[in-house]
Amino acid sequence: MRSRYQFRAAFTLIELLVVISIIALLVGILLPVLSNARQSAKAMSCMSNMRQIATAHYTYMIDNGGWMIDASLSHGGSSHSGTTWIESLQDYWNDIQDSGFGDEVRARSPLDESPHWGPAPQGLSIPGASDPDQRRRTSYGLNDFLTTSAPFAFMRHTQLDHIPAPSATVHILLMAEEGEFAGADHVHSSGWFGTPEQAALRAADQCQTNAVRGEVGSADGVSNWGFLDGHVEQTTLRELGTGPNQNYFNPDATP
């Protein structure tokens, strides 16, 4: 005679389906959370890189009479001219990566997923580059107002004591991961600003305005921005400027 307290040997099909559904639901909830946590950690690490660049740059300026690092990696043209700002800071920034290929050094953000990392033959060629072996050398680029790359001499601000408000002037940003500017080390922010929406569309070809989150070409995309005084902000391009005379890129503009 069987006991009424006899235990079942297995789950029923309905019970298994319920358990599987619960597990699938939990996975669906947890995966975005984990993905967001990983992205946040990468963004924080990138901000740390930018602060280190700023610290290294400050020491560099002390040793060089207040002169700032300059741009030398062009977009859609020659692969290299002169000493890159990465090489200029090599003795000041310990975290610059030695690629193991001669004198080539790189500065890569953990947020950077560009397919153009090299050196050749690794990675994809930079679109429009005259040198087929040109590859990405840095995730980080310079605001052209603070380089000799500014289109007009009156726009150029290459010494620290020429900057009215270093804490309100963007210096370091994240370069576009694809396109002609993927191989460059500076942007042309001097040509961005009309409205914030116009600036976002123009900037999207040159820098990764949505490196942290958001849509490409949107004024509300979020990225990391390093200022000349050394602080780093995680914000939108909309917050960084509303017009040609109201932005954080032109040192002579009013933020």
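In this text the structure is predicted, and so the values were computed from the model without any measurement.
In this structure, N247 contributes its side chain and A253 its backbone to no donor-acceptor pair below 3.5 Å. Between the side chain of E178 and the backbone N or O of P115 there is no donor-acceptor pair closer than 3.5 Å. S125 contributes a side-chain N or O that, together with a main-chain N or O of P132, makes up a donor-acceptor pair within less than 3.5 Å.
Salt-bridge formation is not detected for the pair R202/E197: no Lys NZ or Arg NE/NH1/NH2 atom is positioned less than 4.0 Å from an Asp or Glu carboxylate oxygen.
Using modelled atom types and a 3.5 Å distance limit, the side chains of D252 and H157 yield a donor-acceptor pair. Side-chain atoms of D144 and S189 include a donor-acceptor pair closer than 3.5 Å. Remark: the W192 side chain and the Q206 side chain contain an N/O donor-acceptor pair separated by less than 3.5 Å. No hydrogens or angles considered: a donor-acceptor pair under 3.5 Å links the side chains of S139 and D112. Checked by atom type, the side-chain pair D63/Y92 shows a donor-acceptor distance below 3.5 Å. Side-chain atoms of W93 and Q52 include a donor-acceptor pair closer than 3.5 Å.
Taking CG of L240 as the reference point, atom CZ of F227 lies at 5.5 Å (rounded to 0.5 Å).
Between H75 and H186, the two ring planes are perpendicular [angle over 60°; tilted spans 30° to 60°].
The side chain to side chain donor-acceptor pair (under 3.5 Å) check on Q159 picks up nothing, with sequence neighbours excluded.
Taking the centre of each ring, W85 and Y60 stay at or above the 6.0 Å mark.
Here ring-ring contact (aromatic ring centres under 6.0 Å, His included) pairs that include residues 202-221, with residues two or more places apart or in two chains, number zero.
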- Please lay out, stage by stage, how R136 and E177 fare under the test salt bridge (Lys or Arg N to Asp or Glu O under 4.0 Å). CA-CA 9 Å; R136 190 169 178 83; E177 294 176 8; 5.5 Å; no

